[in-house]
2 protein chains.
Amino acid sequence: MVERGELLYRTNEPVRTIYAIRTGSVKTYVLTTNGRMQITGFHIPGELLGLGAIAPHNFTTEAMALETTMVCEVPIKVLEAYSRKIPSICQQMLKILSQKIRDNQELMLLLGKKSANERLATFLLSISQRFRRRRYSPTEFNLSMSRNEIGNYLGISEETVCRVFSRFQNEGLLATERRQVQLLDLERLDNIARG
Amino acid sequence: MVERGELLYRTNEPVRTIYAIRTGSVKTYVLTTNGRMQITGFHIPGELLGLGAIAPHNFTTEAMALETTMVCEVPIKVLEAYSRKIPSICQQMLKILSQKIRDNQELMLLLGKKSANERLATFLLSISQRFRRRRYSPTEFNLSMSRNEIGNYLGISEETVCRVFSRFQNEGLLATERRQVQLLDLERLDNIARG
DNA sequence: CGCAGCTTTGAACGGAGTCAAACTAAGTGG
DNA sequence: CCACTTAGTTTGACTCCGTTCAAAGCTGCG
(Lines give C-alpha, C1' and ligand atoms only; values in the text may rest on other atoms or scores of the structure.)
Protein backbone atom coordinates (compact mmCIF):
# COMPACT_ATOMS: atom_id res chain seq x y z
CA MET A 1 0.00 0.00 0.00
CA VAL A 2 1.60 3.27 -1.13
CA GLU A 3 0.21 6.80 -1.00
CA ARG A 4 0.21 9.33 -3.85
CA GLY A 5 3.73 10.56 -4.49
CA GLU A 6 5.49 7.67 -2.78
CA LEU A 7 8.12 5.68 -4.67
CA LEU A 8 7.93 1.94 -5.25
CA TYR A 9 11.59 1.93 -6.23
CA ARG A 10 14.23 4.38 -7.34
CA THR A 11 16.99 4.44 -9.95
CA ASN A 12 20.12 2.36 -9.17
CA GLU A 13 18.43 0.58 -6.29
CA PRO A 14 19.06 -3.19 -6.41
CA VAL A 15 16.07 -5.19 -7.64
CA ARG A 16 14.80 -7.27 -4.72
CA THR A 17 11.17 -7.60 -5.69
CA ILE A 18 8.94 -6.94 -8.64
CA TYR A 19 5.47 -5.46 -8.28
CA ALA A 20 1.99 -6.32 -9.49
CA ILE A 21 -0.50 -3.45 -9.28
CA ARG A 22 -3.80 -4.43 -7.59
CA THR A 23 -5.54 -1.05 -7.43
CA GLY A 24 -4.53 2.53 -8.20
CA SER A 25 -1.94 3.65 -10.73
CA VAL A 26 1.76 4.34 -11.07
CA LYS A 27 4.06 6.31 -13.35
CA THR A 28 7.56 5.16 -14.29
CA TYR A 29 10.24 7.50 -15.59
CA VAL A 30 13.92 7.90 -16.38
CA LEU A 31 16.09 10.79 -15.19
CA THR A 32 19.02 12.63 -16.78
CA THR A 33 22.11 13.44 -14.77
CA ASN A 34 20.90 17.03 -14.52
CA GLY A 35 17.48 16.09 -13.24
CA ARG A 36 15.28 16.24 -16.33
CA MET A 37 12.64 13.52 -16.37
CA GLN A 38 10.96 11.54 -19.12
CA ILE A 39 7.91 9.56 -18.07
CA THR A 40 8.08 6.21 -19.88
CA GLY A 41 4.75 4.74 -18.84
CA PHE A 42 1.56 4.91 -16.82
CA HIS A 43 0.54 1.64 -15.20
CA ILE A 44 -2.85 0.35 -14.10
CA PRO A 45 -4.12 -2.68 -12.14
CA GLY A 46 -3.04 -6.02 -13.55
CA GLU A 47 0.30 -4.77 -14.84
CA LEU A 48 3.75 -5.82 -13.68
CA LEU A 49 6.50 -3.38 -12.71
CA GLY A 50 10.22 -3.93 -12.37
CA LEU A 51 10.77 -6.84 -14.75
CA GLY A 52 12.59 -4.60 -17.21
CA ALA A 53 15.43 -4.25 -14.71
CA ILE A 54 15.72 -7.92 -13.84
CA ALA A 55 18.88 -8.60 -15.79
CA PRO A 56 20.96 -5.54 -14.88
CA HIS A 57 19.91 -6.19 -11.27
CA ASN A 58 19.46 -2.49 -10.62
CA PHE A 59 16.49 -0.32 -11.48
CA THR A 60 17.07 2.06 -14.35
CA THR A 61 13.71 3.72 -13.88
CA GLU A 62 11.83 5.12 -10.93
CA ALA A 63 8.20 4.32 -10.07
CA MET A 64 5.87 6.74 -8.27
CA ALA A 65 2.25 6.21 -7.19
CA LEU A 66 -0.19 8.62 -8.89
CA GLU A 67 -2.79 7.90 -6.19
CA THR A 68 -3.23 5.55 -3.26
CA THR A 69 -2.14 2.25 -4.78
CA MET A 70 -2.10 -1.37 -3.66
CA VAL A 71 0.70 -3.51 -4.99
CA CYS A 72 1.62 -7.15 -4.56
CA GLU A 73 5.36 -7.61 -4.11
CA VAL A 74 7.03 -10.71 -5.54
CA PRO A 75 10.56 -11.29 -4.21
CA ILE A 76 13.14 -12.10 -6.87
CA LYS A 77 14.17 -15.11 -4.81
CA VAL A 78 10.71 -16.61 -5.16
CA LEU A 79 10.71 -15.91 -8.89
CA GLU A 80 14.08 -17.60 -9.28
CA ALA A 81 13.00 -20.61 -7.25
CA TYR A 82 9.99 -21.08 -9.48
CA SER A 83 11.94 -20.62 -12.67
CA ARG A 84 14.30 -23.43 -11.67
CA LYS A 85 11.33 -25.73 -11.22
CA ILE A 86 9.33 -24.46 -14.19
CA PRO A 87 11.52 -23.43 -17.12
CA SER A 88 8.59 -21.88 -18.95
CA ILE A 89 8.70 -19.03 -16.42
CA CYS A 90 11.74 -17.75 -18.27
CA GLN A 91 9.79 -17.87 -21.54
CA GLN A 92 7.05 -15.88 -19.87
CA MET A 93 9.53 -13.25 -18.74
CA LEU A 94 10.98 -13.01 -22.24
CA LYS A 95 7.48 -12.43 -23.49
CA ILE A 96 6.87 -9.62 -21.02
CA LEU A 97 10.17 -7.92 -21.86
CA SER A 98 9.41 -8.25 -25.56
CA GLN A 99 6.07 -6.57 -25.01
CA LYS A 100 7.79 -3.76 -23.16
CA ILE A 101 10.19 -3.28 -26.07
CA ARG A 102 7.26 -3.03 -28.47
CA ASP A 103 5.50 -0.48 -26.22
CA ASN A 104 8.69 1.55 -26.13
CA GLN A 105 9.02 1.41 -29.91
CA GLU A 106 5.53 2.83 -30.26
CA LEU A 107 6.35 5.62 -27.83
CA MET A 108 9.55 6.42 -29.72
CA LEU A 109 7.56 6.68 -32.94
CA LEU A 110 5.22 9.09 -31.19
CA LEU A 111 8.02 11.18 -29.67
CA GLY A 112 10.02 11.31 -32.88
CA LYS A 113 7.39 11.74 -35.55
CA LYS A 114 3.96 12.88 -34.32
CA SER A 115 2.35 16.31 -33.92
CA ALA A 116 0.74 17.47 -30.67
CA ASN A 117 -2.74 16.55 -31.93
CA GLU A 118 -1.59 13.10 -32.99
CA ARG A 119 0.15 12.57 -29.66
CA LEU A 120 -2.85 13.31 -27.49
CA ALA A 121 -5.21 11.31 -29.71
CA THR A 122 -2.83 8.36 -29.59
CA PHE A 123 -2.57 8.67 -25.83
CA LEU A 124 -6.33 8.79 -25.25
CA LEU A 125 -6.96 5.81 -27.52
CA SER A 126 -4.26 3.80 -25.81
CA ILE A 127 -5.87 4.49 -22.42
CA SER A 128 -9.24 3.64 -23.89
CA GLN A 129 -8.04 0.28 -25.20
CA ARG A 130 -6.38 -0.69 -21.95
CA PHE A 131 -9.56 0.11 -20.05
CA ARG A 132 -11.61 -1.87 -22.55
CA ARG A 133 -9.42 -4.92 -22.01
CA ARG A 134 -10.04 -4.64 -18.27
CA ARG A 135 -13.79 -4.33 -18.79
CA TYR A 136 -13.92 -0.69 -17.75
CA SER A 137 -15.70 1.84 -19.91
CA PRO A 138 -13.48 2.63 -22.92
CA THR A 139 -15.22 5.93 -23.55
CA GLU A 140 -15.66 7.43 -20.10
CA PHE A 141 -12.90 7.45 -17.53
CA ASN A 142 -10.97 9.41 -14.99
CA LEU A 143 -7.33 10.22 -15.67
CA SER A 144 -5.11 9.69 -12.64
CA MET A 145 -2.31 11.86 -14.03
CA SER A 146 -2.06 15.65 -14.33
CA ARG A 147 -1.81 17.64 -17.58
CA ASN A 148 1.81 18.21 -16.70
CA GLU A 149 2.47 14.47 -16.49
CA ILE A 150 0.63 13.80 -19.75
CA GLY A 151 2.72 16.49 -21.43
CA ASN A 152 5.94 15.09 -20.04
CA TYR A 153 5.04 11.61 -21.26
CA LEU A 154 4.10 12.86 -24.74
CA GLY A 155 7.05 15.21 -25.10
CA ILE A 156 4.96 18.41 -25.18
CA SER A 157 4.26 21.17 -22.63
CA GLU A 158 1.32 21.06 -20.23
CA GLU A 159 -0.14 24.18 -21.88
CA THR A 160 -0.15 22.42 -25.23
CA VAL A 161 -1.93 19.45 -23.65
CA CYS A 162 -4.64 21.85 -22.40
CA ARG A 163 -4.95 23.53 -25.77
CA VAL A 164 -5.30 20.24 -27.64
CA PHE A 165 -7.94 19.09 -25.12
CA SER A 166 -9.81 22.34 -25.81
CA ARG A 167 -9.50 21.93 -29.58
CA PHE A 168 -10.80 18.35 -29.41
CA GLN A 169 -13.69 19.48 -27.22
CA ASN A 170 -14.63 22.29 -29.62
CA GLU A 171 -14.60 19.84 -32.50
CA GLY A 172 -16.89 17.44 -30.66
CA LEU A 173 -14.31 14.68 -30.37
CA LEU A 174 -14.59 14.49 -26.59
CA ALA A 175 -15.99 16.15 -23.49
CA THR A 176 -13.73 16.88 -20.56
CA GLU A 177 -14.09 18.35 -17.12
CA ARG A 178 -10.64 18.44 -15.56
CA ARG A 179 -9.57 14.81 -15.28
CA GLN A 180 -12.90 13.31 -16.25
CA VAL A 181 -12.90 12.44 -19.94
CA GLN A 182 -15.61 11.22 -22.27
CA LEU A 183 -14.59 10.16 -25.76
CA LEU A 184 -17.33 11.01 -28.25
CA ASP A 185 -15.86 10.05 -31.62
CA LEU A 186 -13.38 7.18 -31.47
CA GLU A 187 -13.20 6.87 -35.23
CA ARG A 188 -12.18 10.45 -35.82
CA LEU A 189 -9.73 10.27 -32.92
CA ASP A 190 -8.24 7.20 -34.55
CA ASN A 191 -7.81 9.04 -37.82
CA ILE A 192 -6.01 11.83 -36.02
CA ALA A 193 -3.81 9.38 -34.09
CA ARG A 194 -2.68 7.70 -37.32
CA GLY A 195 -1.76 11.09 -38.76
CA MET B 1 26.16 -11.06 -47.14
CA VAL B 2 23.73 -8.23 -47.91
CA GLU B 3 24.23 -5.16 -50.06
CA ARG B 4 23.39 -1.56 -49.14
CA GLY B 5 19.62 -1.09 -49.05
CA GLU B 6 18.74 -4.78 -48.70
CA LEU B 7 16.56 -5.95 -45.85
CA LEU B 8 17.59 -8.54 -43.28
CA TYR B 9 13.99 -8.90 -42.21
CA ARG B 10 10.74 -7.00 -42.46
CA THR B 11 7.86 -6.17 -40.13
CA ASN B 12 5.40 -9.02 -39.40
CA GLU B 13 7.70 -11.62 -40.90
CA PRO B 14 8.02 -14.70 -38.65
CA VAL B 15 11.29 -14.87 -36.73
CA ARG B 16 13.25 -17.83 -38.08
CA THR B 17 16.78 -16.67 -37.36
CA ILE B 18 18.55 -13.96 -35.46
CA TYR B 19 21.55 -12.13 -36.84
CA ALA B 20 25.03 -11.28 -35.63
CA ILE B 21 26.77 -8.53 -37.58
CA ARG B 22 30.33 -9.43 -38.66
CA THR B 23 31.20 -6.41 -40.79
CA GLY B 24 29.29 -3.40 -42.10
CA SER B 25 26.30 -1.73 -40.44
CA VAL B 26 22.54 -1.90 -40.28
CA LYS B 27 19.65 0.38 -39.32
CA THR B 28 16.47 -0.88 -37.65
CA TYR B 29 13.21 1.06 -37.69
CA VAL B 30 9.48 0.91 -36.98
CA LEU B 31 6.77 2.01 -39.40
CA THR B 32 3.38 3.65 -38.89
CA THR B 33 0.34 2.41 -40.76
CA ASN B 34 0.63 5.43 -43.05
CA GLY B 35 4.29 4.82 -43.85
CA ARG B 36 6.13 7.17 -41.54
CA MET B 37 9.35 5.69 -40.21
CA GLN B 38 11.26 6.05 -36.95
CA ILE B 39 14.77 4.63 -36.94
CA THR B 40 15.28 2.95 -33.57
CA GLY B 41 18.94 2.02 -33.84
CA PHE B 42 22.14 1.79 -35.86
CA HIS B 43 24.05 -1.44 -35.43
CA ILE B 44 27.71 -2.26 -35.89
CA PRO B 45 29.85 -5.43 -35.90
CA GLY B 46 29.50 -7.56 -32.80
CA GLU B 47 25.87 -6.67 -32.19
CA LEU B 48 22.86 -9.00 -32.31
CA LEU B 49 19.70 -8.27 -34.26
CA GLY B 50 16.26 -9.80 -33.97
CA LEU B 51 16.27 -10.93 -30.34
CA GLY B 52 13.76 -8.21 -29.41
CA ALA B 53 11.13 -10.03 -31.45
CA ILE B 54 11.83 -13.50 -30.12
CA ALA B 55 8.79 -13.73 -27.88
CA PRO B 56 6.09 -12.33 -30.19
CA HIS B 57 7.55 -14.60 -32.91
CA ASN B 58 7.12 -11.90 -35.54
CA PHE B 59 9.39 -8.99 -36.24
CA THR B 60 8.02 -5.62 -35.16
CA THR B 61 10.91 -3.73 -36.72
CA GLU B 62 12.62 -3.82 -40.08
CA ALA B 63 16.39 -4.04 -40.62
CA MET B 64 18.20 -2.56 -43.62
CA ALA B 65 21.89 -2.68 -44.48
CA LEU B 66 23.54 0.76 -44.61
CA GLU B 67 26.43 -0.66 -46.62
CA THR B 68 27.67 -4.05 -47.76
CA THR B 69 27.31 -6.10 -44.60
CA MET B 70 28.24 -9.60 -43.49
CA VAL B 71 25.94 -11.25 -40.99
CA CYS B 72 25.96 -14.59 -39.26
CA GLU B 73 22.50 -16.15 -39.12
CA VAL B 74 21.53 -18.22 -36.08
CA PRO B 75 18.37 -20.27 -36.59
CA ILE B 76 15.87 -20.07 -33.74
CA LYS B 77 15.77 -23.88 -33.69
CA VAL B 78 19.45 -24.00 -32.82
CA LEU B 79 18.99 -21.39 -30.14
CA GLU B 80 16.13 -23.34 -28.62
CA ALA B 81 18.05 -26.60 -28.71
CA TYR B 82 20.92 -24.99 -26.84
CA SER B 83 18.67 -23.33 -24.30
CA ARG B 84 17.16 -26.68 -23.40
CA LYS B 85 20.62 -28.02 -22.71
CA ILE B 86 22.02 -24.89 -21.11
CA PRO B 87 19.42 -22.97 -19.07
CA SER B 88 21.73 -20.01 -18.65
CA ILE B 89 21.12 -19.17 -22.32
CA CYS B 90 17.74 -17.87 -21.28
CA GLN B 91 19.39 -15.66 -18.66
CA GLN B 92 21.69 -14.33 -21.37
CA MET B 93 18.75 -13.50 -23.55
CA LEU B 94 17.00 -11.71 -20.71
CA LYS B 95 20.15 -9.68 -20.24
CA ILE B 96 20.23 -8.69 -23.90
CA LEU B 97 16.56 -7.69 -23.91
CA SER B 98 17.09 -5.69 -20.72
CA GLN B 99 19.95 -3.85 -22.38
CA LYS B 100 17.74 -3.07 -25.35
CA ILE B 101 15.09 -1.66 -23.02
CA ARG B 102 17.68 0.59 -21.40
CA ASP B 103 18.91 1.79 -24.79
CA ASN B 104 15.35 2.58 -25.78
CA GLN B 105 14.78 4.49 -22.54
CA GLU B 106 17.78 6.67 -23.30
CA LEU B 107 16.48 7.33 -26.80
CA MET B 108 13.05 8.23 -25.43
CA LEU B 109 14.66 10.72 -23.07
CA LEU B 110 16.47 12.23 -26.03
CA LEU B 111 13.38 12.38 -28.25
CA GLY B 112 11.17 13.76 -25.51
CA LYS B 113 13.41 16.23 -23.74
CA LYS B 114 16.52 17.28 -25.63
CA SER B 115 17.30 20.19 -27.99
CA ALA B 116 18.80 19.68 -31.44
CA ASN B 117 22.31 20.49 -30.14
CA GLU B 118 21.93 18.05 -27.28
CA ARG B 119 20.64 15.35 -29.59
CA LEU B 120 23.53 15.48 -32.02
CA ALA B 121 26.13 15.70 -29.24
CA THR B 122 24.54 12.70 -27.51
CA PHE B 123 24.52 10.80 -30.78
CA LEU B 124 28.16 11.47 -31.60
CA LEU B 125 29.33 10.53 -28.11
CA SER B 126 27.33 7.33 -28.21
CA ILE B 127 28.97 6.37 -31.51
CA SER B 128 32.32 7.34 -30.05
CA GLN B 129 31.86 5.10 -27.01
CA ARG B 130 30.76 2.12 -29.04
CA PHE B 131 33.79 2.47 -31.28
CA ARG B 132 36.07 2.80 -28.26
CA ARG B 133 34.68 -0.45 -26.84
CA ARG B 134 35.51 -2.17 -30.15
CA ARG B 135 39.03 -0.71 -30.14
CA TYR B 136 38.38 1.62 -33.05
CA SER B 137 39.31 5.27 -32.79
CA PRO B 138 36.74 7.03 -30.57
CA THR B 139 37.58 10.43 -32.04
CA GLU B 140 37.92 9.79 -35.75
CA PHE B 141 35.45 7.73 -37.70
CA ASN B 142 33.32 7.39 -40.76
CA LEU B 143 29.56 7.52 -40.39
CA SER B 144 27.78 4.90 -42.45
CA MET B 145 24.42 6.70 -42.32
CA SER B 146 23.24 9.82 -44.16
CA ARG B 147 22.24 13.13 -42.57
CA ASN B 148 18.68 12.22 -43.35
CA GLU B 149 18.97 8.98 -41.38
CA ILE B 150 20.66 10.70 -38.45
CA GLY B 151 17.86 13.26 -38.40
CA ASN B 152 15.18 10.61 -38.54
CA TYR B 153 16.80 8.74 -35.66
CA LEU B 154 17.14 11.90 -33.56
CA GLY B 155 13.68 13.26 -34.36
CA ILE B 156 14.92 16.35 -36.24
CA SER B 157 15.14 17.27 -39.94
CA GLU B 158 18.20 16.56 -42.06
CA GLU B 159 18.73 20.31 -42.53
CA THR B 160 18.91 20.78 -38.77
CA VAL B 161 21.47 17.98 -38.55
CA CYS B 162 23.60 19.84 -41.12
CA ARG B 163 23.22 23.14 -39.29
CA VAL B 164 24.23 21.65 -35.94
CA PHE B 165 27.24 19.98 -37.55
CA SER B 166 28.22 23.40 -38.94
CA ARG B 167 27.71 25.10 -35.56
CA PHE B 168 29.85 22.48 -33.81
CA GLN B 169 32.55 22.85 -36.45
CA ASN B 170 32.58 26.65 -36.11
CA GLU B 171 32.91 26.31 -32.36
CA GLY B 172 35.85 23.94 -32.71
CA LEU B 173 34.06 20.95 -31.21
CA LEU B 174 34.68 18.76 -34.24
CA ALA B 175 35.87 18.69 -37.83
CA THR B 176 33.75 17.10 -40.51
CA GLU B 177 34.01 16.45 -44.19
CA ARG B 178 30.79 14.81 -45.33
CA ARG B 179 30.63 11.50 -43.43
CA GLN B 180 34.13 11.66 -42.03
CA VAL B 181 34.04 13.02 -38.48
CA GLN B 182 36.78 14.00 -36.07
CA LEU B 183 35.77 14.86 -32.52
CA LEU B 184 38.04 17.57 -31.13
CA ASP B 185 36.59 18.35 -27.71
CA LEU B 186 34.88 15.37 -26.06
CA GLU B 187 34.48 17.19 -22.76
CA ARG B 188 32.59 20.10 -24.20
CA LEU B 189 30.49 17.75 -26.32
CA ASP B 190 29.67 15.85 -23.16
CA ASN B 191 28.54 19.04 -21.44
CA ILE B 192 26.27 19.81 -24.36
CA ALA B 193 24.90 16.25 -24.44
CA ARG B 194 23.96 16.44 -20.75
CA GLY B 195 22.14 19.72 -21.38
C1' DC C 1 30.80 13.64 -69.08
C1' DG C 2 26.44 13.93 -66.96
C1' DC C 3 23.25 12.36 -63.87
C1' DA C 4 21.42 11.16 -59.26
C1' DG C 5 21.85 11.38 -54.60
C1' DC C 6 23.61 13.67 -50.70
C1' DT C 7 25.01 17.85 -48.28
C1' DT C 8 24.96 22.57 -47.23
C1' DT C 9 23.13 27.17 -46.69
C1' DG C 10 19.55 30.83 -46.93
C1' DA C 11 14.93 32.79 -46.22
C1' DA C 12 10.38 32.61 -44.57
C1' DC C 13 7.05 30.35 -41.90
C1' DG C 14 4.72 28.07 -38.16
C1' DG C 15 3.88 24.95 -34.27
C1' DA C 16 4.86 24.56 -29.90
C1' DG C 17 7.32 26.70 -25.90
C1' DT C 18 7.52 30.28 -22.52
C1' DC C 19 5.78 33.76 -19.67
C1' DA C 20 1.99 35.61 -17.40
C1' DA C 21 -2.43 35.88 -15.39
C1' DA C 22 -7.08 34.35 -14.18
C1' DC C 23 -9.62 30.73 -12.51
C1' DT C 24 -10.96 26.34 -10.06
C1' DA C 25 -10.80 22.58 -6.87
C1' DA C 26 -9.24 20.60 -2.95
C1' DG C 27 -7.26 20.64 1.20
C1' DT C 28 -5.79 22.59 5.86
C1' DG C 29 -5.89 24.61 9.97
C1' DG C 30 -7.92 27.94 12.96
C1' DC D 1 -17.55 25.83 8.97
C1' DC D 2 -15.04 29.04 6.54
C1' DA D 3 -10.94 31.81 5.29
C1' DC D 4 -6.76 30.82 3.35
C1' DT D 5 -3.32 28.23 0.93
C1' DT D 6 -1.74 25.38 -2.56
C1' DA D 7 -1.76 22.68 -6.63
C1' DG D 8 -3.61 22.14 -10.96
C1' DT D 9 -6.05 23.90 -15.21
C1' DT D 10 -7.03 27.09 -18.79
C1' DT D 11 -6.35 30.89 -21.96
C1' DG D 12 -3.82 34.72 -24.14
C1' DA D 13 0.25 37.04 -26.09
C1' DC D 14 4.66 36.77 -27.66
C1' DT D 15 8.86 34.42 -28.89
C1' DC D 16 11.84 31.11 -30.84
C1' DC D 17 13.61 26.80 -32.40
C1' DG D 18 13.22 23.89 -35.85
C1' DT D 19 10.65 22.91 -40.27
C1' DT D 20 9.81 23.73 -44.90
C1' DC D 21 10.84 25.30 -49.30
C1' DA D 22 14.26 26.51 -52.46
C1' DA D 23 18.61 26.62 -54.63
C1' DA D 24 23.40 25.75 -55.17
C1' DG D 25 27.40 22.79 -54.53
C1' DC D 26 29.70 18.48 -54.10
C1' DT D 27 30.81 13.39 -55.09
C1' DG D 28 30.86 9.26 -56.97
C1' DC D 29 29.31 6.25 -60.35
C1' DG D 30 27.55 4.54 -64.79
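So you know, we letter chains A, B, ... as the sequences are listed, proteins then strands, and number each from 1.
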Looking at the rings of B:Phe141 and B:Tyr136, which for Trp means the six-membered one, are their centres under 6.0 Å apart? no
Any side-chain heavy-atom pair from A:Leu79 and A:Met93 closer than 4.5 angstrom? yes
Nucleotides bounding contact with chain A, strand DNA chain D, heavy-atom threshold 4.0 Å: D:dG8 to D:dA13
Under a 3.5 Å distance rule, please check whether A:Arg119 uses its side chain to pair with a backbone N or O of A:Leu111 as donor and acceptor. yes
Scan A:Arg4, A:Glu149, A:His43 and name whichever one has a side-chain contact (heavy atoms from CB on, under 4.5 Å) with A:Leu66. A:Glu149
If a protein heavy atom is under 4.0 Å from the base, mark B; if only from the sugar-phosphate, S; if neither, -; do that for nucleotides 19-28 of chain C going 5' to 3'. B----BS---
Should the pair A:Glu47-A:Arg130 be classified as a salt bridge under the 4.0 Å nitrogen-to-oxygen rule? yes
Over 60° means perpendicular and under 30° means parallel, so classify the ring planes of B:Phe59 and B:Tyr9, tilted if in between. parallel
Report the distance from atom CZ of B:Phe168 to atom P of C:dT7, rounded to the nearest whole Å. 17 Å
State, with a plain yes or no, whether a side-chain heavy atom of B:Thr40 is found less than 4.5 Å away from one of A:Met108. yes
Would you say A:Leu125 and A:Val164 are hydrophobically clustered, going by side-chain heavy atoms of ILVMFWY under 4.5 Å? yes
Given atom CD of B:Glu158 and atom P of C:dT9, what is their separation to the nearest angstrom? 14 Å
With side chains defined as the heavy atoms from C-beta onward, is the minimum distance between A:Glu159 and A:Arg147 less than 4.5 Å? no
Determine yes or no for a side-chain-to-main-chain donor-acceptor pair under 3.5 angstrom, with A:Ser128 supplying the side chain and A:Pro138 the backbone. yes
Would you list the protein and nucleotides 12-16 of chain C atom pairs, both N or O, that sit under 3.5 Å from each other?
residue : atom : partner  : partner atom : Å
C:dA16  : OP1  : A:Ala116 : N            : 2.9

